[in-house]
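Proteins come first, then strands; the chains are lettered A, B, ... in the order of their sequence lines, and each starts at number 1.
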Amino acid sequence: MAVNQFICNVGGANTGIPDCAFTMANVLKTFLVPNSFVLTEANLATKELTLAALRAAALADLSSARIYPTPEIVGVTNNSEDVVTQTLGYGVPVVVRDGMYNIQFQYTDGGNCLSNALRKFNKTNVRVLFLDANGVLVGTKVGETIKGIPLHVFYARPFGFNDGANIANFSFQLTFSPNYINEDIGFIGLSLGDAMGIEGLQNINLKLVSRAGAVLTVQAVTGCSKENLYDEFSADLANVANWLPKALNGNAITVTSVAAVPNSKSFAITQDSTDPDYSATAALTLNLAAPSVLSANDIPGYEGVQITVPQV
Amino acid sequence: MAKETGLVFSEKSINWEWAKKVGKEKFLKALESWNAKERLAEMYDKKFVKPKTEK
(Lines give C-alpha, C1' and ligand atoms only; values in the text may rest on other atoms or scores of the structure.)
Protein backbone atom coordinates (compact mmCIF):
# COMPACT_ATOMS: atom_id res chain seq x y z
CA MET A 1 0.00 0.00 0.00
CA ALA A 2 1.29 3.49 -0.85
CA VAL A 3 1.99 6.25 1.67
CA ASN A 4 -1.13 8.31 2.47
CA GLN A 5 -3.31 5.81 0.62
CA PHE A 6 -6.50 5.04 2.56
CA ILE A 7 -8.84 2.32 1.37
CA CYS A 8 -12.43 2.58 2.61
CA ASN A 9 -13.70 -0.74 3.93
CA VAL A 10 -16.98 -2.07 2.62
CA GLY A 11 -18.94 -2.32 5.88
CA GLY A 12 -21.58 -4.76 7.07
CA ALA A 13 -22.03 -8.52 7.06
CA ASN A 14 -24.77 -10.99 6.17
CA THR A 15 -27.49 -11.10 8.75
CA GLY A 16 -29.17 -14.42 8.11
CA ILE A 17 -29.25 -16.54 11.28
CA PRO A 18 -28.97 -20.29 11.87
CA ASP A 19 -31.44 -22.35 13.91
CA CYS A 20 -29.33 -21.82 16.99
CA ALA A 21 -26.65 -19.32 17.75
CA PHE A 22 -24.18 -18.90 20.55
CA THR A 23 -25.16 -16.45 23.24
CA MET A 24 -22.90 -16.24 26.23
CA ALA A 25 -24.67 -17.30 29.43
CA ASN A 26 -23.86 -16.09 32.93
CA VAL A 27 -20.26 -16.67 33.99
CA LEU A 28 -19.84 -19.41 36.58
CA LYS A 29 -16.05 -19.60 36.74
CA THR A 30 -12.98 -17.80 35.47
CA PHE A 31 -9.42 -18.88 34.86
CA LEU A 32 -6.60 -16.40 35.33
CA VAL A 33 -4.01 -17.22 32.69
CA PRO A 34 -0.57 -15.89 31.75
CA ASN A 35 0.00 -14.02 28.49
CA SER A 36 1.76 -17.06 27.09
CA PHE A 37 -1.13 -19.48 27.69
CA VAL A 38 -2.77 -20.73 24.54
CA LEU A 39 -5.24 -23.47 23.68
CA THR A 40 -3.85 -24.67 20.39
CA GLU A 41 -5.76 -26.08 17.47
CA ALA A 42 -4.71 -29.54 18.69
CA ASN A 43 -5.96 -28.77 22.23
CA LEU A 44 -9.28 -27.64 20.75
CA ALA A 45 -9.82 -30.70 18.55
CA THR A 46 -12.17 -32.24 21.14
CA LYS A 47 -13.65 -31.07 24.43
CA GLU A 48 -11.76 -33.85 26.21
CA LEU A 49 -8.44 -32.58 24.86
CA THR A 50 -9.32 -29.05 25.87
CA LEU A 51 -10.22 -30.15 29.39
CA ALA A 52 -6.97 -32.11 29.61
CA ALA A 53 -4.99 -29.05 28.54
CA LEU A 54 -6.73 -26.89 31.13
CA ARG A 55 -6.18 -29.46 33.89
CA ALA A 56 -2.51 -29.82 33.03
CA ALA A 57 -2.05 -26.05 32.99
CA ALA A 58 -3.75 -25.69 36.39
CA LEU A 59 -1.19 -28.13 37.84
CA ALA A 60 1.86 -26.86 35.96
CA ASP A 61 5.11 -26.99 37.90
CA LEU A 62 6.22 -23.57 36.72
CA SER A 63 4.05 -20.91 38.35
CA SER A 64 4.68 -18.60 35.38
CA ALA A 65 3.08 -21.14 33.04
CA ARG A 66 0.25 -22.07 35.35
CA ILE A 67 -3.41 -21.10 35.02
CA TYR A 68 -5.38 -20.29 38.15
CA PRO A 69 -9.03 -21.34 38.39
CA THR A 70 -11.14 -19.04 40.54
CA PRO A 71 -14.02 -20.33 42.69
CA GLU A 72 -17.61 -20.47 41.51
CA ILE A 73 -19.03 -17.07 40.67
CA VAL A 74 -22.25 -16.32 42.55
CA GLY A 75 -23.04 -12.84 41.30
CA VAL A 76 -22.04 -10.18 38.84
CA THR A 77 -22.16 -6.41 39.01
CA ASN A 78 -21.90 -4.82 35.62
CA ASN A 79 -20.22 -1.42 35.85
CA SER A 80 -19.27 -1.39 32.19
CA GLU A 81 -18.89 1.95 30.48
CA ASP A 82 -21.58 2.78 27.97
CA VAL A 83 -20.74 3.56 24.37
CA VAL A 84 -19.17 7.02 24.30
CA THR A 85 -20.97 9.49 22.08
CA GLN A 86 -20.51 13.07 21.10
CA THR A 87 -23.48 15.22 20.36
CA LEU A 88 -22.66 17.46 17.47
CA GLY A 89 -23.83 21.02 17.02
CA TYR A 90 -27.07 20.11 15.28
CA GLY A 91 -27.92 17.42 17.82
CA VAL A 92 -26.56 14.41 15.98
CA PRO A 93 -25.12 11.88 18.42
CA VAL A 94 -22.01 10.30 16.98
CA VAL A 95 -20.33 7.28 18.50
CA VAL A 96 -16.77 8.04 19.46
CA ARG A 97 -15.81 4.64 20.82
CA ASP A 98 -17.07 1.53 22.57
CA GLY A 99 -17.11 1.65 26.34
CA MET A 100 -14.87 -0.61 28.39
CA TYR A 101 -16.20 -3.76 30.01
CA ASN A 102 -15.88 -3.28 33.76
CA ILE A 103 -17.39 -6.17 35.67
CA GLN A 104 -17.24 -7.27 39.29
CA PHE A 105 -17.49 -11.00 39.96
CA GLN A 106 -18.57 -12.14 43.42
CA TYR A 107 -17.64 -15.48 45.01
CA THR A 108 -18.09 -17.04 48.44
CA ASP A 109 -15.87 -20.14 48.50
CA GLY A 110 -12.38 -19.82 49.90
CA GLY A 111 -13.01 -16.84 52.14
CA ASN A 112 -10.25 -14.52 53.26
CA CYS A 113 -7.50 -17.00 52.41
CA LEU A 114 -8.46 -17.21 48.76
CA SER A 115 -9.18 -13.48 48.63
CA ASN A 116 -5.65 -12.79 49.80
CA ALA A 117 -4.28 -15.20 47.21
CA LEU A 118 -6.22 -13.47 44.44
CA ARG A 119 -5.04 -10.08 45.66
CA LYS A 120 -1.52 -11.20 44.81
CA PHE A 121 -2.59 -10.93 41.15
CA ASN A 122 -3.49 -7.26 41.55
CA LYS A 123 -1.43 -5.03 39.29
CA THR A 124 -0.05 -8.05 37.41
CA ASN A 125 -0.35 -8.60 33.70
CA VAL A 126 -2.82 -11.47 33.82
CA ARG A 127 -5.48 -12.53 31.30
CA VAL A 128 -8.79 -14.30 31.80
CA LEU A 129 -10.93 -17.07 30.35
CA PHE A 130 -14.63 -17.30 31.20
CA LEU A 131 -16.70 -20.45 31.71
CA ASP A 132 -20.40 -19.82 31.28
CA ALA A 133 -23.39 -21.71 32.65
CA ASN A 134 -23.66 -23.76 29.46
CA GLY A 135 -20.10 -25.02 29.81
CA VAL A 136 -18.77 -22.75 27.09
CA LEU A 137 -15.20 -21.58 27.62
CA VAL A 138 -14.78 -18.05 26.28
CA GLY A 139 -11.54 -16.33 25.46
CA THR A 140 -10.23 -14.45 22.48
CA LYS A 141 -9.57 -16.00 19.09
CA VAL A 142 -6.05 -15.73 17.70
CA GLY A 143 -5.86 -17.59 14.41
CA GLU A 144 -7.20 -21.06 15.18
CA THR A 145 -6.29 -20.84 18.84
CA ILE A 146 -7.93 -19.41 21.94
CA LYS A 147 -5.99 -17.19 24.29
CA GLY A 148 -6.87 -15.37 27.47
CA ILE A 149 -8.59 -12.02 27.24
CA PRO A 150 -6.07 -9.23 27.95
CA LEU A 151 -7.09 -7.16 30.94
CA HIS A 152 -6.58 -3.48 31.56
CA VAL A 153 -7.37 -4.16 35.20
CA PHE A 154 -7.54 -7.21 37.41
CA TYR A 155 -8.37 -6.15 40.93
CA ALA A 156 -9.33 -8.44 43.76
CA ARG A 157 -11.10 -6.06 46.08
CA PRO A 158 -10.66 -5.91 49.85
CA PHE A 159 -13.49 -7.95 51.29
CA GLY A 160 -16.71 -6.18 52.18
CA PHE A 161 -17.84 -6.47 55.83
CA ASN A 162 -20.70 -8.64 56.89
CA ASP A 163 -23.08 -5.97 58.17
CA GLY A 164 -25.61 -8.26 59.74
CA ALA A 165 -27.87 -8.10 56.71
CA ASN A 166 -25.37 -9.08 54.01
CA ILE A 167 -22.63 -11.71 54.06
CA ALA A 168 -18.97 -10.76 53.70
CA ASN A 169 -18.46 -9.79 50.08
CA PHE A 170 -15.55 -11.29 48.16
CA SER A 171 -15.14 -10.11 44.58
CA PHE A 172 -12.72 -9.21 41.87
CA GLN A 173 -13.00 -6.65 39.10
CA LEU A 174 -12.10 -7.17 35.47
CA THR A 175 -11.75 -4.34 32.97
CA PHE A 176 -11.05 -5.08 29.31
CA SER A 177 -11.63 -3.82 25.80
CA PRO A 178 -14.83 -5.05 24.13
CA ASN A 179 -13.35 -6.37 20.88
CA TYR A 180 -11.81 -9.42 22.60
CA ILE A 181 -15.20 -11.04 23.20
CA ASN A 182 -17.07 -9.43 20.36
CA GLU A 183 -15.37 -9.47 16.96
CA ASP A 184 -12.44 -11.49 18.33
CA ILE A 185 -14.37 -13.89 20.53
CA GLY A 186 -13.06 -17.44 20.70
CA PHE A 187 -15.11 -20.12 22.41
CA ILE A 188 -15.47 -23.85 22.76
CA GLY A 189 -18.18 -25.96 24.37
CA LEU A 190 -17.04 -28.18 27.25
CA SER A 191 -18.72 -30.43 29.76
CA LEU A 192 -19.80 -27.98 32.46
CA GLY A 193 -19.27 -30.38 35.34
CA ASP A 194 -15.79 -31.34 34.20
CA ALA A 195 -14.77 -27.74 33.61
CA MET A 196 -16.13 -26.56 36.96
CA GLY A 197 -14.12 -29.35 38.59
CA ILE A 198 -10.78 -27.97 37.46
CA GLU A 199 -9.16 -26.73 40.63
CA GLY A 200 -5.96 -24.91 41.40
CA LEU A 201 -3.13 -26.13 43.57
CA GLN A 202 -3.22 -25.81 47.32
CA ASN A 203 -0.15 -24.77 49.27
CA ILE A 204 1.59 -27.09 51.70
CA ASN A 205 3.39 -25.11 54.36
CA LEU A 206 6.26 -26.79 56.15
CA LYS A 207 6.76 -26.22 59.87
CA LEU A 208 10.12 -27.10 61.36
CA VAL A 209 9.69 -29.22 64.47
CA SER A 210 13.35 -29.90 65.18
CA ARG A 211 16.80 -30.07 63.67
CA ALA A 212 19.24 -32.56 65.13
CA GLY A 213 22.37 -33.35 63.20
CA ALA A 214 21.40 -34.52 59.75
CA VAL A 215 17.75 -35.02 60.66
CA LEU A 216 15.15 -32.37 59.93
CA THR A 217 11.74 -33.03 61.43
CA VAL A 218 8.88 -31.08 59.88
CA GLN A 219 5.13 -31.02 59.76
CA ALA A 220 3.23 -30.49 56.51
CA VAL A 221 0.08 -28.38 56.83
CA THR A 222 -2.25 -26.91 54.24
CA GLY A 223 -1.85 -23.23 53.47
CA CYS A 224 -5.37 -22.05 54.19
CA SER A 225 -6.90 -24.29 56.82
CA LYS A 226 -3.60 -25.24 58.49
CA GLU A 227 -4.73 -28.84 58.43
CA ASN A 228 -1.93 -31.30 59.21
CA LEU A 229 -1.65 -33.55 56.16
CA TYR A 230 -0.13 -36.40 58.16
CA ASP A 231 -3.38 -38.32 58.53
CA GLU A 232 -4.10 -38.21 54.82
CA PHE A 233 -0.60 -38.55 53.40
CA SER A 234 1.68 -40.11 56.03
CA ALA A 235 2.73 -42.99 53.79
CA ASP A 236 2.98 -40.88 50.65
CA LEU A 237 5.01 -38.09 52.23
CA ALA A 238 7.41 -40.62 53.78
CA ASN A 239 9.00 -40.89 50.34
CA VAL A 240 12.54 -39.61 49.67
CA ALA A 241 11.52 -38.45 46.20
CA ASN A 242 9.22 -35.81 47.68
CA TRP A 243 11.78 -33.84 49.69
CA LEU A 244 14.28 -31.25 48.50
CA PRO A 245 16.73 -29.87 51.03
CA LYS A 246 19.20 -27.47 49.46
CA ALA A 247 22.22 -25.54 50.60
CA LEU A 248 21.85 -21.79 50.39
CA ASN A 249 23.93 -21.88 47.21
CA GLY A 250 21.08 -23.78 45.59
CA ASN A 251 22.82 -27.17 45.48
CA ALA A 252 20.62 -30.11 46.35
CA ILE A 253 21.54 -32.14 49.42
CA THR A 254 21.03 -35.88 49.12
CA VAL A 255 18.26 -37.31 51.27
CA THR A 256 19.02 -40.79 52.58
CA SER A 257 15.67 -41.52 54.18
CA VAL A 258 12.32 -40.12 55.28
CA ALA A 259 10.18 -41.64 58.01
CA ALA A 260 6.75 -40.65 59.25
CA VAL A 261 6.74 -39.85 62.97
CA PRO A 262 3.31 -40.76 64.38
CA ASN A 263 3.56 -39.20 67.82
CA SER A 264 4.23 -35.72 66.44
CA LYS A 265 2.48 -36.24 63.06
CA SER A 266 5.64 -35.11 61.33
CA PHE A 267 8.34 -36.38 58.99
CA ALA A 268 11.97 -37.05 59.86
CA ILE A 269 14.12 -36.28 56.82
CA THR A 270 17.71 -37.49 57.05
CA GLN A 271 20.35 -35.76 54.95
CA ASP A 272 23.46 -37.54 53.70
CA SER A 273 26.20 -36.27 56.00
CA THR A 274 28.84 -37.17 53.40
CA ASP A 275 27.23 -34.91 50.79
CA PRO A 276 29.65 -32.01 50.14
CA ASP A 277 26.78 -29.54 50.47
CA TYR A 278 25.67 -30.92 53.80
CA SER A 279 26.32 -28.95 56.96
CA ALA A 280 25.25 -29.85 60.47
CA THR A 281 24.93 -26.20 61.39
CA ALA A 282 24.56 -23.93 58.35
CA ALA A 283 21.19 -22.61 57.25
CA LEU A 284 19.53 -24.46 54.39
CA THR A 285 16.24 -24.46 52.51
CA LEU A 286 13.70 -27.25 52.47
CA ASN A 287 10.82 -27.73 50.10
CA LEU A 288 8.69 -30.45 48.63
CA ALA A 289 9.20 -31.70 45.09
CA ALA A 290 7.39 -30.09 42.16
CA PRO A 291 3.60 -30.53 41.93
CA SER A 292 3.94 -33.06 39.11
CA VAL A 293 6.30 -35.19 41.24
CA LEU A 294 4.00 -34.99 44.25
CA SER A 295 1.08 -35.95 42.02
CA ALA A 296 2.98 -38.93 40.61
CA ASN A 297 3.66 -39.95 44.22
CA ASP A 298 -0.06 -39.92 45.08
CA ILE A 299 -0.21 -36.40 46.50
CA PRO A 300 -2.16 -34.61 43.74
CA GLY A 301 -3.17 -30.96 43.77
CA TYR A 302 -0.52 -29.53 46.09
CA GLU A 303 2.59 -27.37 45.93
CA GLY A 304 5.11 -26.99 48.71
CA VAL A 305 6.15 -23.61 50.04
CA GLN A 306 9.89 -23.44 50.66
CA ILE A 307 11.19 -22.72 54.15
CA THR A 308 14.61 -21.66 55.33
CA VAL A 309 15.93 -23.78 58.17
CA PRO A 310 18.01 -21.40 60.28
CA GLN A 311 21.59 -22.13 61.17
CA VAL A 312 22.24 -23.82 64.48
CA MET B 1 20.45 -38.19 66.86
CA ALA B 2 17.31 -38.49 68.99
CA LYS B 3 15.96 -42.04 69.24
CA GLU B 4 12.56 -42.38 67.64
CA THR B 5 10.38 -45.42 68.03
CA GLY B 6 7.36 -46.48 66.00
CA LEU B 7 8.48 -44.67 62.88
CA VAL B 8 6.46 -45.47 59.80
CA PHE B 9 8.34 -46.15 56.61
CA SER B 10 8.20 -48.15 53.42
CA GLU B 11 10.54 -49.02 50.59
CA LYS B 12 9.99 -45.54 49.18
CA SER B 13 11.33 -44.05 52.38
CA ILE B 14 14.89 -45.13 51.57
CA ASN B 15 17.25 -43.65 49.00
CA TRP B 16 18.38 -47.01 47.65
CA GLU B 17 21.06 -45.46 45.45
CA TRP B 18 22.70 -44.10 48.58
CA ALA B 19 22.11 -47.36 50.43
CA LYS B 20 23.84 -49.38 47.72
CA LYS B 21 26.75 -46.93 47.65
CA VAL B 22 27.42 -47.06 51.38
CA GLY B 23 26.83 -50.79 51.81
CA LYS B 24 24.65 -52.70 54.24
CA GLU B 25 26.68 -52.07 57.40
CA LYS B 26 26.77 -48.28 57.01
CA PHE B 27 23.16 -48.28 55.84
CA LEU B 28 21.99 -50.03 59.00
CA LYS B 29 24.25 -47.86 61.15
CA ALA B 30 22.86 -44.66 59.60
CA LEU B 31 19.31 -45.73 60.41
CA GLU B 32 19.91 -47.33 63.80
CA SER B 33 17.78 -44.65 65.46
CA TRP B 34 14.77 -46.10 63.66
CA ASN B 35 15.04 -49.17 65.93
CA ALA B 36 14.06 -51.35 63.00
CA LYS B 37 17.33 -53.10 62.20
CA GLU B 38 15.84 -56.44 61.36
CA ARG B 39 13.24 -55.04 58.99
CA LEU B 40 15.75 -52.69 57.34
CA ALA B 41 18.23 -55.53 56.87
CA GLU B 42 15.51 -57.60 55.27
CA MET B 43 14.60 -54.74 52.94
CA TYR B 44 18.25 -54.27 52.02
CA ASP B 45 18.75 -57.97 51.29
CA LYS B 46 15.59 -58.10 49.23
CA LYS B 47 16.81 -55.17 47.19
CA PHE B 48 20.43 -56.10 46.62
CA VAL B 49 21.32 -59.58 47.75
CA LYS B 50 20.75 -62.20 45.08
CA PRO B 51 19.23 -65.38 46.50
CA LYS B 52 21.55 -68.40 46.29
CA THR B 53 20.32 -70.90 43.68
CA GLU B 54 19.54 -74.30 45.09
CA LYS B 55 21.43 -77.30 43.70
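Taking 4.5 Å as the heavy-atom cut-off, the residues of residues 11-20 of chain B that approach chain A are B:K12, B:S13, B:I14, B:N15, B:W18, ordered by number.
Qualifying salt bridge (Lys or Arg N to Asp or Glu O under 4.0 Å) partners for A:D231, counting only residues two or more places apart in sequence or in other chains: A:K265.
B:L31 and A:S257 make their closest contact through CD2-OG, 3.2 Å (heavy atoms, listed as atom of the first residue, atom of the second, distance). In terms of heavy-atom proximity, A:A238 sits nearest to B:V8 at CB-O, 4.2 Å.
By the neighbour-count criterion of 12 heavy atoms within 6.0 Å, atom CD of B:E42 is sparsely surrounded, having that number or fewer from other residues, nucleotides or ligands. Heavy atoms from other residues, nucleotides or ligands lying under 6.0 Å from NZ of B:K24 number more than 12.
Taking A:T254, A:N239, A:L237 one by one and counting their heavy-atom pairs under 4.5 Å with chain B, the maximum is reached by A:N239.
Proximity to chain B (any heavy atom under 4.5 Å) is restricted, for A:D272, to the side chain, taken from C-beta onward. Both the backbone and the side chain of A:T256 come within contact range of chain B, with heavy atoms under 4.5 Å apart.
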